[in-house]
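FYI, side chains are in, hydrogens and waters are out, and symmetry mates aren't considered; it's all heavy atoms of this structure. From a predicted model like this one, the values you see are computed outputs, not experimental measurements.
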Amino acid sequence: MHRPSLIALIILLISITTGQALAQEPAPQASASPSAEDIEKQKAERERNALRLLDQVIDEVQSLRLAENRVRIQISAADMLWERNQPRARTLFTQAADGVAELGRNDQNQNNRRGSNSDRSALQLRQELVLAVARHDAPLAYQLLAATKPPVNPQAVPDNRNPRIPFNAEDNLEQVLLGRVASLDPKMAGQNAEQMMDKGQFPRALPEVINQLQKQDADAAAKLTDKTIKKLQSANLLTNNDASSLAVMMLIVGPKTASITTSADNGTTSNLPVSGRLTGVLDQAAYTDLLSTVVDAALKAQVQPRSNQVPQRRMGGVGPGSAQPASPLTDAQLEQNGARRLLSSLQATLSNVDQYLPAKASQLRQKLADLGMADSSRQNFSQALSVLQQGNANVDSLVQAASSAPPQMQSRLYQQAAYKAIEDGDTDRARQIATSYLRDNQRDEVIRRIDARDIIKKAEGAQLDEIRLTLGRLQSDSERIDLLVSVATGLQTTNPKVAAQLLDEAKQLAGRRATNYDQFTQQLKVAHAFATVDPARSFEVLEPGITQLNELLAAASVLSGFEMNLFRDGEMSFQGGSGLTATINRYGQELAFLAKSDFDRAELLTGRFQFTEPRIMTRLAIVQGLLGAQSPQNNFNFQRNIGQSMFTRQD
């Protein structure tokens, strides 16, 4: 017999709230909804408070010594001020650019080796600055891109003959910027894309630029598309990785289909589906021409004798005890590597080769077989990923996708199929999937959910005393807090009195002095749960934590340079990456939430931070919360993490 899991107990207790024991508590009388005028007044008051607090933050920034701290605050402040005070926002963006340039000069003067922490910090801040500006003003974004450009490092210039090609951060940022500008100013993006191609570059953002330009100027989009195809066909796809990558990207999405979105304002159409994912930008004729070019290049891959195989690129280190770097590749070896990459990439679009180039499809499959690449793993990976991303996938489609998915994806798909069966009420099917295809923890978790569903069906007559007995059987205070908070959250609208009672018990458990960051997290959970029941109690929960954080910060400042490096030059870095910095950020987010109902007390509690840096961080979080803004750096991701969601627990 399975002991009910924490998840099962949470669901059980929430469901019991509709039973007889808790039903005795009278439901609260519905309060009158605020009028539209009252809502507007509250919104205006929040904005006034936010802007006043933002002024204070901007003033405090001048006292910061670390350039990266000043830059981050200036970027966030300017981003929020743009729609309200554009001249001041421009000034802040320009000041931030000066700070980024200062960081670059410091790196150069100190002769920091490539890849140092300060070097990466300057690069990240430059990215945050330029892309934040690109949301508002494309010309200014390019102006600041040029103003903050670091000196050229000869060692970072890519050499296709060198097996260890350095990452070109400047080129990457310019390409990401092009994609951001495309939605703001498609014509400028189109012109910049043409200039980049004239210089021999093939920006990855070209499909997005063409899509956005199509909405504004169909003729210009057609000309840019034609130029792109001609440039790709004239390039050596076997040695030009950027050109081959762009070509494959444009082929994988397929040819342009009939427009599916129409603007009610101007009648223009878009190739972007509702999901926002990029679709084809090439008509069938252009698509077929490019596909033929890429297939012809891929077919040049040859089977190499074992003693004469093309050496693989290795990313080993250089230095004492390290293997010697591989010798530079010959022209023939470079081309064979490129042909193999193209051949491998075309596996994801074999169905399109069958449809548009049937005469070459058999040659392509034979070549894949000759080189030992004739497997469907890449195609199966794409299909399985597509099924995972579908929020409405049914049990049968998930099971079918799992049966042919790569091994690393199968268990995830089977688990999702079992969860979907539970959601549909078919616990027998869910149990069959779990016992047949899942192992260890994944199987046990599905069984626990099935048991939880069965318990819910029998829970109507349970008593509150029985629930308290369940609390006593849990093994840790952390589990008890999670349970109490979850049940209280479920009761907030139907029985706020009982919810407050349960939260009081959680508050007592979480009120002890934290001995690790997990216990800080438990305190924050309780504070957040109180926010909609009794906000005053939320502040009571948070205040002792801020006192303890002050003590930890003081200790960290003393230990800086010995056991930890949270502080530099006597100042805490906003991007320290430590548990302490993350906890302070969490407190800031919670106070930002509370500030919507009690701004004065949230501001007062923020002032309890004894160090300037956490006060600024928290005040900025409150401003962002009141204005409904998001920290710009949270929006920037410079690497494509395709498939990451597969491995993220979504229990």
Q: How about Glu423 and Tyr419: does a side-chain donor come under 3.5 Å of a side-chain acceptor?
A: no

Q: List the steps and the verdict of side chain to side chain contact (heavy atoms under 4.5 Å, CB included) for Val130 and Phe93.
A: CA-CA 9 Å; Val130 171; Phe93 276 137; over 6 Å; no

Q: Indicate whether any N or O donor in one side chain lies under 3.5 Å from an N or O acceptor in the other, for Asn441 and Glu445.
A: no

Q: Using a strict 4.0 Å threshold on nitrogen-to-oxygen distance, state whether Glu174 and Lys149 make a salt bridge.
A: no

Q: Under the 3.5 angstrom rule, does the side chain of Gln333 hit a backbone N or O of Thr330 as a donor-acceptor pair?
A: yes

Q: Would you say Glu128 and Leu125 make side-chain contact, with heavy atoms under 4.5 Å?
A: yes

Q: Show, in sequence, the C-alpha distance, side-chain angles and deciding distance for Val294 and Leu251, and conclude whether the side chain to side chain contact (heavy atoms under 4.5 Å, CB included) test is met.
A: CA-CA 9 Å; Val294 174; Leu251 292 175; 3.6 Å; yes

Q: Determine the minimum heavy-atom distance between Ala361 and Asp354, stating which atoms define it.
A: CB-OD1, 3.2 Å

Q: For Lys223, which residues count as a salt bridge (Lys or Arg N to Asp or Glu O under 4.0 Å) partner, sequence neighbours excluded?
A: none

Q: Decide, yes or no, whether a salt bridge links Lys300 with Glu335 under the criterion of side-chain N to carboxylate O below 4.0 Å.
A: no

Q: Measuring from atom CG of Leu206 to atom CD of Glu194, what distance do you get when rounded to the nearest 0.5 angstrom?
A: 9.5 Å

Q: With sequence neighbours left out, write down each residue that passes ring-ring contact (aromatic ring centres under 6.0 Å, His included) with Tyr437, or none if nothing qualifies.
A: Tyr414

Q: I need the Leu398 CG to Lys420 NZ distance, nearest 0.5 Å.
A: 8.5 Å

Q: Measure the shortest side-chain to side-chain distance between Leu368 and Leu350 over non-hydrogen atoms and say whether it is less than 4.5 angstrom.
A: yes

Q: Do Asp370 and Gln366 meet the criterion of a side-chain donor-acceptor pair at a distance under 3.5 Å?
A: yes

Q: Taking Ser244 for the side chain and Asn241 for the main chain, is one N or O donor matched with an acceptor at less than 3.5 Å?
A: yes

Q: So Tyr356 and Tyr287, would you call those rings parallel, tilted or perpendicular, with 30° and 60° as cut-offs?
A: perpendicular

Q: With a 6.0 Å cut-off (strictly less than), is the heavy-atom count around NZ of Lys187, excluding the residue itself, greater than 12?
A: no

Q: So, do Leu177 and Asn192 sit near enough that their side-chain heavy atoms are less than 4.5 Å apart?
A: no

Q: How long is the span from the CZ atom in Arg341 to the CG atom in Leu237, to the nearest 0.5 Å?
A: 11.0 Å

Q: For the atom pair CD (Gln233) and CG (Leu290), what is the distance rounded to the nearest 0.5 Å?
A: 6.5 Å

Q: Taking atom CD1 of Ile73 and atom CG of Asn69, what is their separation to the nearest 0.5 Å?
A: 7.5 Å

Q: Quick one: does Thr225's side chain have a donor or acceptor within less than 3.5 Å of a partner on Ala221's backbone?
A: yes

Q: If only side-chain N and O atoms count, and only distance matters, is there a donor-acceptor pair under 3.5 Å linking Asp171 with Gln201?
A: yes

Q: Report yes if some heavy atom in the side chain of Thr349 is under 4.5 Å from a heavy atom in the side chain of Leu346; otherwise report no.
A: yes

Q: Roughly how far, to the nearest 0.5 Å, is CG of Asp296 from CG of Leu291?
A: 9.5 Å

Q: What are the two closest heavy atoms between Val248 and Ser345, and how far apart are they?
A: CG1-CB, 3.7 Å

Q: Regarding Gln191 and Gln195, do their side chains bring together a donor and an acceptor under 3.5 Å, going by distance alone?
A: no

Q: State, to 0.1 Å, how close Ala182 and Gln212 come at their nearest heavy-atom pair, and which atoms those are.
A: O-CB, 3.4 Å

Q: Between Gln127 and Leu173 (side chain of the first, backbone of the second, donor and acceptor by atom type, cut-off under 3.5 Å), is there such a pair?
A: no

Q: Taking all non-hydrogen atoms of both residues, which atom of Leu129 and which atom of Ala96 are closest, and how far apart?
A: CD1-CB, 3.9 Å

Q: Go through the steps to decide whether Val295 and Leu342 satisfy the test side chain to side chain contact (heavy atoms under 4.5 Å, CB included), and finish with yes or no.
A: CA-CA 8 Å; Val295 170; Leu342 283 177; over 6 Å; no

Q: Which pair of non-hydrogen atoms, one from Leu438 and one from Ser411, has the smallest distance, and what is that distance?
A: CD2-O, 3.5 Å

Q: Taking C-beta and beyond as the side chain, do Gln415 and Arg412 meet within less than 4.5 Å on heavy atoms?
A: yes

Q: Is it true that a side-chain atom of Ser76 and a backbone atom of Arg72 form a donor plus acceptor pair closer than 3.5 Å?
A: yes

Q: Using a 4.5 Å cut-off on heavy atoms from C-beta on, say whether the side chain of Pro186 contacts that of Lys215.
A: no

Q: Locate the shortest heavy-atom distance separating Ala434 from Arg443; write the atom from each residue and the value.
A: O-CG, 3.5 Å

Q: I want to check something: taking the side chain as every heavy atom from C-beta on, are Lys231 and Asp198 in contact at a cut-off of under 4.5 Å?
A: yes

Q: Side chain to side chain contact (heavy atoms under 4.5 Å, CB included) for Leu92 and Met80? Distances and angles first, verdict last.
A: CA-CA 11 Å; Leu92 287 168; Met80 289 185 286; over 6 Å; no

Q: Does CD in Gln400 sit with more than 12 non-hydrogen atoms of other residues, nucleotides or ligands closer than 6.0 Å?
A: no

Q: Run the salt-bridge test on Arg70 and Asp98 with the 4.0 Å N-O cut-off and return the result as yes or no.
A: no

Q: Please tell me if the side chains of Lys367 and Gln302 come closer than 4.5 Å, counting only heavy atoms from C-beta onward.
A: yes

